[in-house]
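Given the structure is predicted, the values throughout are model-derived calculations rather than measurements. Order of listing sets the numbers, starting from 1, for every ligand and every atom in it. Heads up: numbering here begins at 1 and tracks the sequence.
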Amino acid sequence: MSAKPVRIGLCGLGTVGSGTFELLQQNAQVVAARAQAPLKIVHVGVRRDNHRCDLGDTRISRDVLEVAADPAVDILVELIGGTTVARELVETAIRNGKHVVTANKALIAEYGNEIFALADKHCVEVRFEAAVAGGIPIIKALREGLAGNRIEWLAGIINGTGNFILTEMRDQGRDFRDVLSEAQALGYAEADPTFDVDGIDAAHKLVILAAIAFGIPLQFAAVYTEGISRLTPQDVEYARELGYIIKHLGIAKQNGAGIELRVHPTLIPDHRLLADVDGVKNAILVEGNAVGPTLYYGAGAGGAPTASAIVADLVDLARDMGAGQTCRVPPLGFAREQLRDLPIVPMAEVQTPWYLRMEVEDKPGVLSAVASIFSEQGISIEALIQKAPAEGQSRVQLIVLTNKAAQGMVDLAVASIEALDTISGKVTRIRVEGLDG
Ligand code: HSE
């Protein structure tokens, strides 16, 4: 191959950084053939020496900013994570005229608007396929493959660690903490695993998907986020009896009032394809007005799958550089001046069916008191199960599945139910999505 090598500066050699280093070595030939130039890591920025890669004679710097300043680097790959040093690193690289590839969803979700504006000013590209759903090329699919569609909605399992935990809890009855430790040992979990469990990681990814799908600016602060740590095996089991599986979904929908942006545990019908997405796998269902529903499935975390997305971005960039046509596709697919200022729908107005579970006294009149509260709020009941009391117990579990109701109405109904003296404790509530439109 006669083309000049594309020179890469790689910062961070954790699970994803090492995976990228190794993949570029392992698939060097096929990657070079596709990129129409060899991709060569010429400088590595790594703060500690505890990585598994044999770096050979590659230049190594302990200060990652030296990589961003290196004139021998064409593309900086940022895999250090976080939003402080990583932001400085990326912005320095851009100011020095380097293209950037990153897997950092927090950085893109929280500071992407500013970073893209800076990249625009310096005529360089920022690519971030690896930031969402690991190895699944969902950014490219939304930005390019579905460019002819108006996207109506998307719903995805976009945190592998959370899905791994939910799957193990459901199938093996394992303890939440025990599964989380395994996900950390396997390199799936974030440095701070509360990001996975509390839905922050999924919210970062959802914001990026929604911006590309709907042509809106990145707005992390607007996402409603609810984690999985309060889910009980009991709810998982009752949901199953009703024909549902509980998944932690990121959902973005365009409706007449604006955009819904939400991450929360969700009951989905057990016959939907998303219900079969288990373990660390991710999947995103996207509904386009021309194409209809499309589903993207694969490994959402881990070294090699995430490296697959990073190398794809490098190949794309190398092709554009070779053709002298960088910045051909804007980061969010829309020109910045075309981004739309659509309102985010307040959660009180978001309508879904609901799963509600409460512990009630097993005596006449309790059911009718609960039913009349729903009726006062105009909430219609779709299904209801009352479990027989355990031996010697006077309290029973009552599970109600409602038709679509705005959260604001459900809040009022739940407050009235919790005030009844025949109810103990709080009402558990989980949203339901049919995923059919
Ligand atoms: N912690 C993330 C997950 C890694 O579990 O999905 C990939 O973004």
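- Dense packing is recorded around CZ of R52, with more than 12 heavy atoms of other residues, nucleotides or ligands lying under 6.0 Å away.
- Using modelled atom types and a 3.5 Å distance limit, the side chains of K247 and N163 yield a donor-acceptor pair.
- Under the 3.5 Å distance criterion, the side-chain polar atoms of D74 are matched with a main-chain donor or acceptor of R7.
- Under a 4.0 Å N-O distance rule, the pair D70/K98 does not qualify as a salt bridge.
- Side-chain atoms of E66 do not come within 3.5 Å of backbone N or O of G45 as any donor-acceptor pair.
- A search for side chain to side chain contact (heavy atoms under 4.5 Å, CB included) contacts involving L166 returns I228, L231, H248, not counting sequence neighbours.
- The immediate protein surroundings of ligand 1, defined as residues with any heavy atom under 4.0 Å of it, consist of K105, N159, G160, T161, Y188, A189, E190, D196, D201, K205, G300, A301.
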